**Q** 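Structure incoming, see below.
Every chain is numbered from 1 and lettered A, B, ... according to where its sequence line falls, protein lines coming before strand lines. Note that the structure is a prediction, hence the values are computed from the model and not measured.
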Amino acid sequence: MALDAHRIPEEPYYRPVAGEVALFEAAYAARMPMMLKGPTGCGKTRFIEHMAWRLGRPLVTVACHEDMTASDLVGRFLLDPGGTVWHDGPLTQAVRHGAICYLDEIVEARQDTTVVIHPLTDARRILPLEKRNELVQAHPDFQLVISYNPGYQSVLKDLKESTKQRFAAIEFGYPNATVEAEIVAHESGVDANVAALLVRIAASSRNLKGHGLQEGVSTRMLIHAGRLAAQGIALETACRIALVLPITDDADVRDAFSAAVSAAIA
Amino acid sequence: MPDDQSRQFPADQFPADTAFSSVERRLVAYLVALWRLRVPIRHAKPDAAGNPPRRVSLSDGLIWMPGTFRGVDGHRSGALFRAALVHAGAHLRFTGPRFPAAGLKPLQLALVSLIEDARVEQLAMREHPGLLRVWRPFHVAEPDGAGTAPALMARLARALIDPDYRDDDAWVAKGRRLFFAAESDWHSPALSRRIGGLLGNDLGQMRVQFNSKDHVVEPAYRDDNIGLWDHGEAPPSPPSDAETVFEAFRTEQEERDRGRPDDQVGEGATPARLSATDVPARAVGEEEITAPPVRYPEWDYRVGIDRPDWVVLNERRSEPGDPAAIARIVERHQATADRLTALVRSAKVSRPVRLRRQPEGDRMDLDACIDAMVSHRRGEAPDPRVHEVLVRRNRDLSVLLLLDVSASTGDPVAGGGRSVLSVEREAATLFAQALDGLGDPFAIHAFRSNGRQDVSYYRIKAFRQPYDDAARGRLAGLKAGLSTRLGTALRHAGRLLERQATHRRLLLVVTDGEPSDIDVADRRYLLDDARRAVLGLAARGIDCFVIGLDPQGRDYLTRMFGARNVMVIDRADKLPEVLPTFYLRLST
Ligand SMILES: Nc1ncnc2c1ncn2[C@@H]1O[C@H](COP(=O)(O)OP(=O)(O)OP(=O)(O)O)[C@@H](O)[C@H]1O
Ligand SMILES: [Mg+2]
């Protein structure tokens with residue numbers, strides 16, 4: 001069957017933080033377009049993988065970028081020796097075959113690109129392929145999901161109001177310390193104490209958000225630090241290369257953060 | 001010990017070592033990282049006798065930092081400043097209300113302070129165990145030291161923080177035992193009072209020498225502890241910049257709920273409302289006129305003519321204020337300032353823009369080529385625009401920010417707190433900071449009026465001037481007063497902006513109300529004149545936009561500026577954030 005390559009055979013590890021799994025199941029039952037909001041590296045991608053697995057749907061992921069055109073999403077004519085052939089884009093494939101289509105970082109795409117999803121997200125659930133003169137009716141299992149990180153991108157690139165209002169949203173943040181430590185321990189292989197310490201270190205970087213840092217350390221970065229520590233790298237060094245150095249080039253803020261790292265370590 | 005050295009040498013034989021200012025920014029960030037503590041830090045000045053301060057001092061929620069610690073070598077003084085600042089932070093975090101000093105002997109005061117120091121440090125180390133490495137190196141008292149009170153106290157201080165320290169002195173051992181036995185009570189400041197009182201008493205009975213006048217807290221990173229005590233006197237008079245006293249400690253709230261802490265700040269800091277009646281004489285009399293008067297026409301809608309040379313405009317210079325006040329504004333709005341810096345950075349790089357479907361260009365547009373082929377195969381006429389070009393869009397615009405500083409801007413913004421003018425000043429500060437980073441030529445001017453014979457115009461920062469302390473001083477010195485004859489100010493601003501040789505020229509007006517003046521009763525008159533001025537500027541290629549701080553102002557602003565050029569904000573205190581982002585959006 002089409003999209004077999006997009007099926008998720010094994011359960012991706014996901015640690016629920018609040019009621020997001022049940023919320024998403026309800027939204028899927030209504031085939032409601034969903035928006036996953038939250039800072040980078042807090043588990044949005046992992047969550048959608050897990051949900052696709054749980055719901056038994058293939059997952060088609062598109063990483064959006066500035067140069068992406070509508071054709072990149074819906075498809076285009078290509079030339080072949082016999083003439084021209086139409087190739088479905090990833091969105092069209094998901095629409096035809098009933099996958100969950102996840103448009104990651106949708107604000108990165110230009111607004112004239114994003115509007116192609118509009119007719120899919122209202123009661124019509126259709127995708128017009130203008131070039132081909134075809135209206136694709138969405139498969140009953142199809143669902144559209146986007147990720148959106150407000151405040152991260154420039155005001156110049158925000159989603160259009162008419163786009164935003166087509167989605168229901170689930171908000172993701174950094175989980176509370178206990179849960180985050182559990183995730184870090186599971187994903188990186190460090191023990192519970194080290195994981196808890198890493199989460200405390202993350203807290204000091206998150207304190208600096210808006211005071212020199214754009215964003216605090218994400219769960220993803222903590223997992224990186226944990227993996228290095230699990231390999232036997234000294235914790236302070238692991239934090240330095242996985243957290244402190246990547247997160248800022250501002251020497252003063254870097255100094256403050258690394259001093260806070262060392263204050264956390266007994 | 002650092003401080004003993006400084007006693008042996010006349011202070012000025014020693015060059016100043018690492019100055020606090022060189023490490024201030026990173027240490028301030030350090031406190032934010034540890035505790036979300038953002039405390040205003042002031043540089044402590046020499047005392048009346050001219051002696052530089054030897055210790056940090058905490059008062060009124062401010063940290064007073066010595067500019068240098070004399071006699072400490074450069075490397076160590078960085079560490080000393082760090083230790084001193086976290087110690088102060090630990091007090092702010094864990095020390096409660098002041099202890100009443102009444103009934104305590106000098107030795108007891110010193111001992112309660114010492115225990116309180118140890119207590120807050122222990123609590124800090126529960127959260128951040130690595131702080132031991134920050135403080136311990138400064139504890140160098142030895143068990144074989146002299147038996148004087150200062151020496152014994154230094155030994156006790158060490159015994160309370162350094163687990164590896166051995167000291168057989170009975171008094172030191174008792175202090176240590178009492179303190180660690182009470183570990184489960186460390187959260188309570190009453191413990192310091194109890195143990196300190198006891199130990200002070202014991203020490204008094206040992207008849208050791210103690211001269212409270214010469215007493216200097218050891219180690220050097222600890223503050224003088226004066227801020228711990230309530231001596232029952234009137235509180236010391238607040239520092240000159242009263243506003244700083246109210247600066248919030250915690251940034252937590254600030255982030256969750258932008259704007260609120262500033263409302264609180266305002267409580268004590270609202271400049272008195274300058275009423276329209278008491279300002280004219282003073283403002284006009286004292287301010288220096290900096291250019292010959294200029295006459296402008298004014299539109300009279302009733303007769304449908306421009307009255308020639310009807311209004312007189314004077315450029316004035318107002319008394320400059322303290323440029324440091326502007327730096328503090330940036331400090332207070334650090335979050336916004338950082339966000340703007342990031343926006344500016346991305347706006348600045350002249351990003352390559354890909355133009356597709358061009359009739360000519362340096363490469364092929366693949367999609368267009370395929371479309372052309374498809375059309376061709378189908379027997380349709382292909383679109384010949386199959387090229388793609390990369391162009392760089394350079395910024396080529398200048399902007400003039402025109403602030404209304406009429407009397408109504410002396411009113412507090414909704415919800416109490418700061419005045420409209422101080423909000424405007426904050427907005428202008430962040431705007432200037434962003435524009436300075438961006439490199440677009442910009443000017444900040446302000447205006448008010450006192451009848452048609454006297455419109456005042458202030459160039460706070462002119463296009464050709466750098467945004468320096470002089471400009472910041474002028475910005476800090478702005479005062480509210482008089483009326484709003486907007487049209488004339490627009491004409492003058494337009495004339496200055498017109499000289500800019502950029503591709504686009506933007507005039508950005510911030511106002512809190514309708515135009516008005518003492519010699520005009522007809523509401524429509526000045527409105528229509530301003531509208532006329534805007535149209536005139538548009539004809540000369542100057543785009544005018546207005547940000548209105550009056551939530552009810554959309555109608556009259558639209559009448560003057562046109563619907564698309566009006567932005568009304570419902571809460572004036574959002575202006576500092578809105579103004580620069582509004583500009584960035586307009587200009588990209
Ligand atoms: N609740 C969670 N359960 C399991 N793993 C998690 C959870 N939250 C975060 N993670 C871990 O964090 C890593 C980063 O998360 P993920 O890639 O999903 O972030 P994201 O929110 O999609 O970020 P971005 O916006 O940058 O794409 C994951 O690989 C996973 O290991
Ligand atoms: Mg102290």
Side-chain angles (χ1 to χ4, degrees), chain A residues 66-67 69-72 76-80 82-87 110 112 131-132 151-158 197 200-217 235-236 244 248-266, chain B residues 23-38 78 82 86 124-125 127-134 251-252 254-255 258 331 333-339 341-347 351 353-354 356 366-367 369-371 373-378 581-582 584-585 587-588:
Chain A
E66 205 173 48
D67 255 358
T69 61
S71 313
D72 293 330
R76 51 166 55 93
F77 279 109
L78 295 179
L79 296 174
D80 81 347
T84 58
V85 281
W86 173 262
H87 271 246
R110 288 197 314 268
D112 55 330
K131 288 189 186 153
R132 226 188 154 200
Y152 192 66
Q153 76 287 348
S154 76
V155 285
L156 314 168
K157 280 205 292 197
D158 201 1
L197 185 53
R200 280 203 297 281
I201 287 170
S204 52
S205 78
R206 291 169 194 169
N207 287 344
L208 282 169
K209 176 174 177 181
H211 297 272
L213 285 188
Q214 283 266 82
E215 256 321 323
V217 158
L235 194 57
E236 197 155 350
V244 181
T248 179
D249 294 323
D250 180 325
D252 287 335
V253 178
R254 192 182 272 180
D255 175 85
F257 183 29
S258 51
V261 168
S262 114
I265 299 173
Chain B
V23 290
E24 175 164 0
R25 186 166 173 266
R26 59 183 54 192
L27 293 185
V28 165
Y30 183 47
L31 278 196
V32 173
L34 292 180
W35 288 309
R36 295 193 150 214
L37 212 50
R38 191 158 187 120
R82 182 186 300 283
V86 226
M125 288 188 294
E127 292 176 358
H128 304 287
L131 290 179
L132 180 60
R133 289 191 297 276
V134 171
T251 58
E252 230 159 331
E254 201 173 303
E255 294 206 333
R258 201 157 278 125
E331 221 172 80
H333 290 274
Q334 196 63 49
T336 311
D338 287 345
R339 203 143 12 90
T341 312
L343 287 181
V344 162
R345 203 179 299 135
S346 65
R351 267 194 301 182
V353 182
R354 186 185 304 223
R356 295 182 185 271
L366 193 58
D367 277 340
C369 289
I370 293 168
D371 285 349
M373 282 305 283
V374 170
S375 314
H376 186 69
R377 295 257 175 110
R378 288 183 172 169
T581 31
F582 181 66
L584 287 171
R585 196 167 35 193
S587 64
T588 319

**Q** Indicate yes or no: at least one non-hydrogen side-chain atom of A:D250 is less than 4.5 angstrom from one of B:R25.
**A**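 A side-chain contact exists here, since the closest heavy-atom pair is under 4.5 Å.
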**Q** Provide the closest heavy-atom pair for B:A33 versus A:N207 in the form atom of the first, atom of the second, distance.
**A**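 Closest pair (atom of B:A33, atom of A:N207, distance): O-ND2, 2.7 Å.
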**Q** To the nearest 0.5 angstrom, please state how far the CG atom of B:D371 sits from the OG atom of A:S71.
**A**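 Between atom CG of B:D371 and atom OG of A:S71 there are 7.0 Å.
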**Q** For chain A, which of B:D367, B:V374, B:I370 has the most heavy-atom pairs under 4.5 Å?
**A**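 Looking at each of B:D367, B:V374, B:I370 in turn, B:D367 comes out on top.
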**Q** Which region of A:T69, side chain (C-beta onward) or backbone (N, CA, C, O), has a non-hydrogen atom less than 4.5 Å from a non-hydrogen atom of chain B, or is it both or neither?
**A**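 Contact with chain B: side chain only.
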**Q** Ignoring hydrogens, what is the shortest heavy-atom contact between A:A260 and B:Y30? Give both atom names and the distance.
**A**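 Between these two residues, the closest heavy atoms are N-CE1, 3.5 Å.
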**Q** Can you tell me which portion of B:V134 sits under 4.5 Å from chain A's heavy atoms? Options are side chain, backbone, both or neither.
**A**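 Neither; nothing under 4.5 Å.
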**Q** Tell me the closest heavy-atom pair linking A:R200 and B:E127, and the distance in Å.
**A**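 A:R200 and B:E127 have their closest heavy atoms at NE-O, 4.4 Å.
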**Q** Which region of B:L34, side chain (C-beta onward) or backbone (N, CA, C, O), has a non-hydrogen atom less than 4.5 Å from a non-hydrogen atom of chain A, or is it both or neither?
**A**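 Contact with chain A involves both backbone and side-chain atoms of B:L34.
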**Q** Identify which part of A:S262 has an atom lying under 4.5 Å from any heavy atom of chain B, answering side chain, backbone, both or neither.
**A**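 Both parts, heavy atoms under 4.5 Å.
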**Q** Using 0.5 Å steps for rounding, measure from the CG atom of B:L366 to the CZ atom of A:R76.
**A**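 Between atom CG of B:L366 and atom CZ of A:R76 there are 7.0 Å.
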**Q** Test B:R82 against A:D255 for side-chain contact (heavy atoms from CB on, under 4.5 Å), laying out the working first.
**A** CA-CA 11 Å; B:R82 182 186 300 283; A:D255 175 85; 2.9 Å; yes
